[in-house]
Amino acid sequence: CREHFTCAPLHHGSADPPPENVNRLKVLLDYPNGVLRAGEFAECEFSDDAQRASLGDVVRVHDWAYVRNLQTKCAVLHDFCADGSTPEMGVPVGAQMPFAHLDGDTVISARTYEAALRAAGSVIEGVDRVMSGRNRNVFCAVRPPGHHAGMRGVVTNDNDDSGSHGFCLLNNVGIAAAYARHVYRGRVDKVAIVDFDVHHGNGTEEVVRNLVPTHEEYEMKTPMASVSMRTEKWKPWLNEEDPDKVLFVSSHGYGKKSEELEHVPGHWFYPGSGSTCVPPGGSDPSTTPEDVRAAESDYLGGYESETRADKHRILDLGLGLATREVSGTARNRFRDGYRKVILPRIMAFNPDLILISAGFDGHKKDDINFGYLSLVEEDFEWVTDELIKVANSCCEGRVVSVLEGGYAIKGAHVSAFARSAQAHVRALLNGSRFARPYDQRYCEWESKLERDFLEKAKERQERKNKETLMQLYHGGGIDTGGAANDVPLPLASPSSIDVATAPMLGTPQLPVGTIAPDSAAPAAETPA
């Protein structure tokens with residue numbers, strides 16, 4: 001994964017690299033300064049030699065023509081890793097180019113195809129580890145990411161009819177979910193995939209949609225005639241029951257890139273899909289889409305939303321821009337989305353395995369998110385902790401997490417990306433120590449606490465605004481000190497909970513596994 005180059009190897013003084021580059025792994029895994037090499041993770045078991053995914057596992061999700069095309073494009077590029085040369089973007093080495101662009105976002109090099117297979121193979125190994133009982137949960141620090149990769153790579157939608165790869169080549173989490181259902185068919189009946197990257201997991205959603213047989217229509221025009229073609233499309237993982245056995249959840253930003261562009265055509269936040277959409281809720285078959293919308297109107301109100309009535313189990317939570325709101329409102333909205341909408345549905349689904357697409361580009365210091373979500377490290381730790389509790393209640397804590405986005409790496413090991421990933425893995429590690437179950441009543445209490453604080457902060461801000469207006473009216477000076485909304489929210493953090501008094505489940509307490517394929521650093525291993 002370190003040999004998937006999207007630009008020339010970086011040195012001190014190099015020009016700014018593209019957002020997705022090899023330094024994303026270095027700040028996590030470099031020995032001894034990577035954040036995941038810190039002493040708090042001494043109990044973790046590291047694996048640096050994950051096997052590549054087999055083509056049989058890959059083509060359960062992707063078309064062979066797409067995989068073959070990716071393989072061919074990488075094969076004709078100059079392998080500068082082999083001869084130690086220093087390539088330049090756009091400058092050929094002999095008759096070969098060192099890099100190629102799949103689109104404006106996504107760059108490949110000679111070893112990209114191998115890196116993509118190793119990334120998918122890492123997540124498959126993670127599934128094997130949790131199913132064998134070797135580890136309770138696993139984090140796969142891999143690249144290239146995968147949640148924008150559909151059956152044929154690029155996924156389009158009504159707001160973007162061209163689409164792009166979004167740095168993604170093979171859908172790592174989709175390949176692992178299909179592998180789990182196929183290989184562990186006697187033990188893994190239901191799989192839940194949860195994606196909290198700031199961008200909609202449109203590739204994974206398309207992969208899940210392909211579990212239902214459908215058809216595609218094409219029109220070919222010639223000077224003499226127009227021909228319409230219709231083909232069947234279906235990518236089952238195991239059998240015709242797949243659509244009922246797979247739940248996909250994505251929480252992300254949805255809308256225009258800024259308020260000023262609200263009424264301007266185009267300018268959608270990437271990828272332009274993922275409006276709030278929920279499947280029919282509850283176990284009562286008489287529940288209608290209108291019932292679901294009415295029950296959640298307090299939360300879903302204000303979003304472009306609909307209720308699914310199709311055969312897919314897909315839940316999209318599209319969160320809008322946090323503008324002119326009390327500080328912490330966006331964070332509370334994100335958390336309430338999980339407490340009121342997502343976590344109860346995962347519990348009702350009762351999965352045998354939970355896979356997480358862990359993207360950290362929703363951090364407020366990551367420029368790629370255009371201000372969507374505005375999360376901090378504690379929020380990633382919180383959502384991971386809640387998903388671990390659900391896993392403890394449903395599937396003996398079996399969780400496999402795979403790295404997706406997160407590009408705020410300035411500051412290296414103390415960057416927003418590094419600290420967010422560190423918080424995520426910390427929650428996984430704590431989940432292997434303390435098997436706490438999911439508690440809906442605690443979630444309700446926590447939500448009320450945060451909302452009460454937001455109301456008080458809003459009142460303080462309104463008083464401050466009135467005082468400012470009065471000063472302006474009477475010609476007085478304006479206090480430019482810190483506003484009330486600069487006060488941080490006392491949002492609950494997993495590390496603030498007294499785990500000594502937490503209830504315990506009778507499940508084995510095994511260490512978290514961190515898979516980092518072909519890492520250059522020596523493994524620090526602890527017996528499981």
Derivation of the salt bridge (Lys or Arg N to Asp or Glu O under 4.0 Å) call for Glu455 and Arg451: CA-CA 6 Å; Glu455 286 299 321; Arg451 284 181 173 271; over 6 Å; no

[X] side chain to [Y] main-chain N or O, any donor-acceptor pair under 3.5 Å?
X: His148; Y: Val154; result: no
X: Asp105; Y: Phe167; result: no
X: Trp234; Y: Leu211; result: yes
X: Asp361; Y: Tyr407; result: no
X: Asn171; Y: Gly150; result: no
X: Lys235; Y: Val207; result: no
X: Asn369; Y: Gly371; result: yes
X: Asp160; Y: Tyr270; result: no
X: Arg345; Y: Ile342; result: no
X: Asp352; Y: Cys395; result: no

If you compare all heavy atoms of [X] against all heavy atoms of [Y], which two are closest, and at what distance to 0.1 Å?
X: Gly201; Y: Phe248; value: O-CZ, 3.5 Å
X: Tyr438; Y: Ser393; value: N-OG, 2.9 Å
X: Gly153; Y: His165; value: CA-CE1, 4.2 Å
X: Val246; Y: Arg313; value: O-CB, 3.3 Å
X: Leu36; Y: Gln422; value: CD2-CA, 4.3 Å
X: Pro271; Y: His199; value: CD-CB, 4.4 Å

In the structure I gave you, are the side-chain heavy atoms of [X] and [Y] within less than 4.5 Å of one another anywhere?
X: Thr106; Y: Ser164; value: no
X: Val183; Y: Met131; value: no
X: Arg433; Y: Asn430; value: yes
X: Val402; Y: His147; value: no
X: Cys44; Y: Leu429; value: yes
X: Val399; Y: Leu387; value: no
X: Cys1; Y: Leu25; value: yes
X: Phe417; Y: Lys365; value: no

For Ile175, which of Leu117, Ile124, Val123, Val127 qualifies under side-chain contact (heavy atoms from CB on, under 4.5 Å)? Ile124

Would you say [atom1] of [X] has more than 12 non-hydrogen atoms from neighbouring residues, nucleotides or ligands within 6.0 angstrom?
X: Asp452; atom1: CG; answer: yes
X: Lys410; atom1: NZ; answer: no
X: Glu262; atom1: CD; answer: yes
X: Asp367; atom1: CG; answer: no

Evaluate the salt bridge (Lys or Arg N to Asp or Glu O under 4.0 Å) criterion for residues Asp189 and Lys245: first the C-alpha distance (whole Å), next the side-chain angles of each, then the deciding distance (0.1 Å), finally the verdict. CA-CA 6 Å; Asp189 184 45; Lys245 304 298 184 180; 3.1 Å; yes

Could you measure the distance from the [atom1] atom of [X] to the [atom2] atom of [Y]? Nearest 0.5 Å is fine.
X: Asp366; Y: Ser374; atom1: CG; atom2: OG; value: 11.0 Å
X: Glu20; Y: Glu404; atom1: CD; atom2: CD; value: 10.5 Å
X: Cys140; Y: Leu355; atom1: SG; atom2: CG; value: 9.5 Å

Can you confirm if the NZ or CZ of Lys257 lies within 45° of the ring axis of Trp268 and under 6.0 Å from the centre of its six-membered ring? no

Do we get Arg37 above Phe46's six-membered ring, with its NZ or CZ under 6.0 Å from the centre and within 45° of the axis? yes

Within the 3.5 Å criterion, strictly below it, is a donor on [X] or [Y] matched to an acceptor on the partner's side chain?
X: Asn202; Y: Ser273; answer: no
X: Arg335; Y: Asn332; answer: no
X: Asp336; Y: Ser447; answer: yes

Are Arg129 and Glu125 close enough, and set up right, to give a salt bridge (Lys or Arg N to Asp or Glu O under 4.0 Å), and what steps lead you there? CA-CA 6 Å; Arg129 282 171 171 260; Glu125 182 180 333; 3.1 Å; yes

Cationic N near anionic O, under 4.0 Å, Lys448 to Glu444: no

Could you work out, with side-chain hydrogen bond (donor to acceptor under 3.5 Å, both in side chains) as the rule, every residue matching [X], not counting sequence neighbours?
X: Asp242; result: Arg181
X: Asn172; result: none
X: Ser420; result: none

I would like to know whether Tyr254 and Asn159 meet side-chain contact (heavy atoms from CB on, under 4.5 Å); could you show each step before the answer? CA-CA 11 Å; Tyr254 175 77; Asn159 296 322; 3.8 Å; yes

Of Arg331, Arg333, Lys364, which meets salt bridge (Lys or Arg N to Asp or Glu O under 4.0 Å) against Asp379? Arg331

Trace of the side-chain hydrogen bond (donor to acceptor under 3.5 Å, both in side chains) decision for Asp195 with His252: CA-CA 8 Å; Asp195 187 331; His252 49 267; over 6 Å; no

What's the verdict on side-chain contact (heavy atoms from CB on, under 4.5 Å) for Phe41 and Phe139, showing C-alpha distance, side-chain angles and the deciding distance? CA-CA 12 Å; Phe41 303 116; Phe139 175 63; over 6 Å; no

Hey, mind stepping through His182 and Asp57 against side-chain contact (heavy atoms from CB on, under 4.5 Å) and telling me if it holds? CA-CA 9 Å; His182 184 84; Asp57 296 326; 5.9 Å; no

Run the side-chain contact (heavy atoms from CB on, under 4.5 Å) test on Tyr372 and Leu319 for me, step by step, so that the C-alpha distance in whole Å, both residues' side-chain angles and the decisive distance to 0.1 Å come before the verdict. CA-CA 8 Å; Tyr372 280 93; Leu319 302 170; 5.8 Å; no

Parallel, tilted or perpendicular: rings of Tyr179 and Tyr184 (30°, 60°): perpendicular

I'd like to know whether Lys389 forms a salt bridge (Lys or Arg N to Asp or Glu O under 4.0 Å) with Glu386, so could you lay out the CA-CA distance, the side-chain angles of the two residues, the decisive distance to 0.1 Å, and finally the verdict. CA-CA 5 Å; Lys389 292 176 184 177; Glu386 293 303 313; 3.2 Å; yes

